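Only one structure is covered here, and it is reproduced in the block below.
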Amino acid sequence: MARIAPVNARGTRDFLPRDLVRRNRVFALLRATFERYGFEPLETPSIENTSVLEGKYGEEGDRLLFRILKRGRELESGVRALDALSLGERSTAAMSRALSDEALRYDLTVPFARVIAAHQNDIVLPFRRYQMQPVWRADKPQRGRYREFYQCDVDCVGSRSMTVDAEMVAIHQEVFAALGFSGVVTRINHRGLLAALMATCDVPEEQYVATLTTMDKLDKIGLDGVRTELSKASLSDAAVDRLTQAMGLTGTPETIIESLRPIVGSNPMGAQALDELAQVFGYLADMGVPAERLRFDLSVVRGLGYYTGTIYETVLTNSTLGSLGGGGRYDQLIGMFLGRDLPCVGISFGLERIFDALDEQELARDEVTTTTQALVTLFAAETLASSFALATELRAAGIRTEVYTEPKDLRPQLTFASKKGIPLALILGPDELANDTVALRDLRAGAQRIVPRSETVAAVQSLLTGES
RNA sequence: GUGACCGUAGCUCAGCCGGCAGAGCGCCAGAUUGUGGCUCUGGAGGUCGCGGGUUCAAGCCCCGUCGGUCACCCCA
């Protein structure tokens, strides 16, 4: 029989136990933090109707949707409808629509918006939720970019108050500190401020996107690079001067905000953005977030999607990995499902990049690679019952215990424990049984001692203290 | 979507001008019949991604194809 190549679908990964032990630890830390702030869990289906997803992520996003093929009679009629089209009418989009009416979710924000609109009567506003689930994108895989990956979103719907915006940044900071990162800085900006800056610098509307994209490159190409690139675009010298002058402002957020007032303060949107930013920085100070962890940064742009207000991006200053997460305020997305706008603010955690960063910063080194804490050895058929009894006692005490599968020499049993990373082995043979003892071996330290059978559980517990 | 590079043992890779398929790690066994890791000794393991072409001869050259990596775009 021909062997089937055991390869993953492109851009997907298997998570072996040693990977998952680590991932679950991070997931648990995130959940605990979110719930400590009063955010509640939410899950939505993997599959959505394409009408929910299409048009929300731009043309690129529509192209990257994983579409589910229609089945049976629906597929047949879809094919017939396609046959009826002329060759010129058979665009990729038209074919996709004819043959598919469902797709895998592309992110967590749009399904969240659908849920808010669908369950208005069951949701108390302001509503805080968190969501950690995989999403799918038919992208070309790259380092740190997969076609199936987990997203982790934290959002609050129903409040315009900047206290919520500040809370989002505080949660970001708290999670990254708890994970052990140092040098974590959240860069904060405002979409309204950017729009006002464009307007007051006389940037033509068709140049907004290109100008913002250039500004976004500040940390890559520097202020001079931005100036050069802006000059090449069809912007007036005065516009380039004012933009780079604004971007070059340094100092505390408060002083930068005051320096910007003369530039954009005459624009109502700009004035409001500056007020909101001042509030966010003020609340963050009240919440006890250290000022050196925060930066007002005009070069934060965050894609060009649905953000309408504050935007944030959290980075590791001592790494080239880039952003570990980000978010912002988006007040118009839910309106697409609800018919009226509801204010929203949210952040996401770039989980896959966080795991890369944990590796890079070597913050996950000596972690255990198995959930099992103790192996009970099996000596012979006659001692089997004693081994089972010991394991039952250990499990009753909450110790994650496995019994070796069959009586065998001690060597393979210890090799097994060592390879798996099980920290403790309990050896129970005729000698121990005769003396009513257990040989308790700590494989991490290479130490072994004989303990009385009655004190075994306590001895194991004391060797395991400090572990979770 | 655009461009560059790479596919050789389970993994990471070497293989010169075309001339017998290699190393390290891992794996298995023994040294060690009640003790993992360290050390030593030995062993197993290959359709050189796949298909075609050139040649007396192809891992190496040519064409195609599939897969992977990286950069750009976009994004998490």
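Naming: A, B, ... by sequence-line order, numbering from 1 per chain. This one's a predicted model, so the numbers in the text were calculated from it and none came from an experiment.
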Can you tell me the distance, in whole Å, between the [atom1] atom of [X] and the [atom2] atom of [N]?
X	N	atom1	atom2	answer
A:Asp216	B:C75	CG	P	9 Å
A:Arg105	B:C75	CZ	C1'	18 Å
A:Tyr106	B:A76	OH	P	8 Å
A:Asp107	B:C74	CG	P	18 Å
A:Asp62	B:G1	CG	P	16 Å
A:Phe416	B:C28	CZ	P	13 Å
A:Arg441	B:G37	CZ	C1'	9 Å
A:Lys408	B:U33	NZ	P	16 Å

Taking atom [atom1] in both [N] and [M], what distance in whole Å separates the two?
N	M	atom1	value
B:G10	B:G26	C1'	7 Å
B:G36	B:A31	P	12 Å
B:C75	B:G37	C1'	44 Å
B:G15	B:C6	P	12 Å
B:C60	B:A14	P	16 Å
B:A57	B:U2	C1'	40 Å
B:C38	B:U12	C1'	23 Å
B:G59	B:G3	P	31 Å

Using a distance-only criterion (donor-acceptor N/O pair, under 3.5 Å, no hydrogens), is the base of [N] paired with the side chain of [X]?
X	N	result
A:Arg411	B:U35	no
A:Lys140	B:U69	no
A:Gln413	B:U35	no
A:Arg137	B:C75	no
A:Glu432	B:G34	yes

*Can you establish whether the number of heavy atoms outside A:Glu206 located under 6.0 Å from its atom CD is more than 12?*
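More than 12 within 6.0 Å, yes.
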Open item on the list: Tell me whether the rings of A:Tyr106 and A:Tyr57 are parallel (<30°), tilted (30 to 60°) or perpendicular (>60°).
Closed with: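 Plane angle between 30° and 60°, so tilted.
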From A:Phe34, A:Tyr130, A:Tyr150, residue fulfilling ring pair (Phe, Tyr, Trp, His ring centres under 6.0 Å) relative to A:Phe349 |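 Single pass found, and it is A:Phe34.
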Discussion item. Would A:Phe149 count as stacking on B:A76 if stacking means ring centres less than 5.5 angstrom apart and planes tilted under 30 degrees?
Written reply: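 So A:Phe149 counts as stacking on the base.
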- Message: The criterion is ring pair (Phe, Tyr, Trp, His ring centres under 6.0 Å); which residues satisfy it with A:Phe112, sequence neighbours excluded?
- Response: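 Result, ring pair (Phe, Tyr, Trp, His ring centres under 6.0 Å) vs A:Phe112: none returned.
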**Asked** Base, sugar-phosphate, or nothing: which does A:Gly61 touch, judged by heavy atoms less than 4.0 Å apart?
**Response**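 Since no nucleic acid heavy atom lies under 4.0 Å of A:Gly61, the category is nothing.
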task = For A:Leu351, answer base if it contacts any base atom (sugar-phosphate contacts may also be present), sugar-phosphate if it contacts only those atoms, and nothing otherwise; contact means non-hydrogen atoms under 4.0 Å.
result =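 No contact.
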- Task: State, yes or no, whether a side-chain contact exists between A:Arg67 and A:Glu54 at a heavy-atom distance under 4.5 Å.
- Result: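 Contact flag for A:Arg67/A:Glu54 side chains = yes.
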| request: Evaluate the side-chain proximity of A:Tyr404 to A:Ser387: yes if any heavy-atom separation is below 4.5 Å, no if none is. | output: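 When only atoms from C-beta onward are counted, A:Tyr404 and A:Ser387 do not touch, as no gap falls below 4.5 Å.
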Mate of B:A4 where both pairing distances stay under 3.5 Å, Watson-Crick or G-U
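Base partner found: B:U69.
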**OP:** Tell me whether the guanidinium CZ or amine NZ of A:Arg23 lies under 6.0 angstrom from the six-membered ring centre of A:Phe15 and within 45° of its axis.
**Re:**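 Ring-cation test returns yes.
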Worksheet item: According to a strict under-4.0 Å criterion, is A:Lys419 in side-chain N/O contact with OP1 or OP2 of B:C28?
Response: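 For A:Lys419, the contact criterion (side-chain N or O under 4.0 Å from OP1 or OP2 of B:C28) is met.
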Q.
Tell me whether the side-chain N/O atoms of A:Arg10 come closer than 4.0 Å to OP1 or OP2 in B:G68.
A.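 A:Arg10 to B:G68 OP1/OP2: side-chain N or O found under 4.0 Å.
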